[in-house]
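Notes follow once the structure below has been shown.
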Amino acid sequence: KVTVIEWFIIALVYFPNTERIEVKQMTNSFTGKQECLYYIEDTPELVDDIQIIEPNNNGISFMCVTQDEINGLKVKRQSI
């Protein structure tokens with residue numbers, strides 16, 4: 001049985017004058033990292049979506065990660 005690894009786009013949203021970083025996960029998934037990265041490149045409106053949700057940000061970066069990596073991020077955030 002072949003396990004298909006799903007890739008998700010997360011946005012790391014930074015805020016001025018604080019260490020706060022919000023992690024937002026997009027709902028749609030991709031079957032490969034390259035496909036995920038192409039989607040980020042081809043979809044500039046991703047930034048607009050984040051601006052609507054978090055208008056006070058001073059920086060956004062997008063990453064392609066697996067569910068395991070997302071779970072790891074959540075665990076790290078809770079352990080701080």
statement: Output for pair (Glu6 CD, Asp68 CG), nearest 0.5 Å, gives 11.0 Å

- prompt: Which heavy atom in Cys64 sits nearest to a heavy atom in Glu69, and how many Å separate them?
  reply: O-OE1, 4.5 Å

- prompt: Is the number of heavy atoms from other residues, nucleotides or ligands within 6.0 Å of CD1 (Ile53) greater than 12?
  reply: yes

field: Hydrophobic cluster identity match, Val65 and Ile60, side-chain contacts under 4.5 Å
entry: no

- prompt: If two hydrophobic side chains count as joined below 4.5 Å and joins carry through other members, does Phe62 share a cluster with Met26?
  reply: yes

field: Asn57 side-chain N/O to Glu54 backbone N/O, donor-acceptor pair under 3.5 Å
entry: yes

query: Between Leu46 and Val13, is there a shared hydrophobic cluster once you connect ILVMFWY residues whose side-chain heavy atoms come closer than 4.5 Å?
result: yes

- prompt: Which pair of heavy atoms, one from Trp7 and one from Cys36, lies closest together, and at what distance?
  reply: CB-CB, 4.3 Å

query: Would you call Lys33 and Glu35 a salt bridge, taking side-chain N to carboxylate O under 4.0 Å as the test?
result: no

query: Are Ile21 and Ile10 grouped together when hydrophobic residues (ILVMFWY) are joined by side-chain heavy atoms under 4.5 angstrom apart?
result: yes

- prompt: What pair of heavy atoms forms the shortest contact from Phe30 to Asn28, and how long is it?
  reply: CE1-O, 3.9 Å

message: Are Glu45 and Gln51 packed together at the side-chain level, in the sense that at least one heavy-atom pair is separated by less than 4.5 angstrom?
response: no

query: Is there a side-chain contact between Ile40 and Ile9, using heavy atoms and a 4.5 Å cut-off?
result: yes

message: So, using ring-ring contact (aromatic ring centres under 6.0 Å, His included) as the criterion, who are the partners of Phe8 when residues are at least two apart?
response: none

- request: Tell me whether Met63 is reachable from Tyr14 by hopping between hydrophobic residues (I, L, V, M, F, W, Y) whose side-chain heavy atoms are closer than 4.5 Å.
  value: yes

- request: Could you check if a side-chain atom of Phe15 sits within less than 4.5 angstrom of a side-chain atom of Glu22, using non-hydrogen atoms only?
  value: yes

field: Spacing of CD1 belonging to Ile50 relative to OG belonging to Ser61, to within rounding of 0.5 Å
entry: 10.0 Å

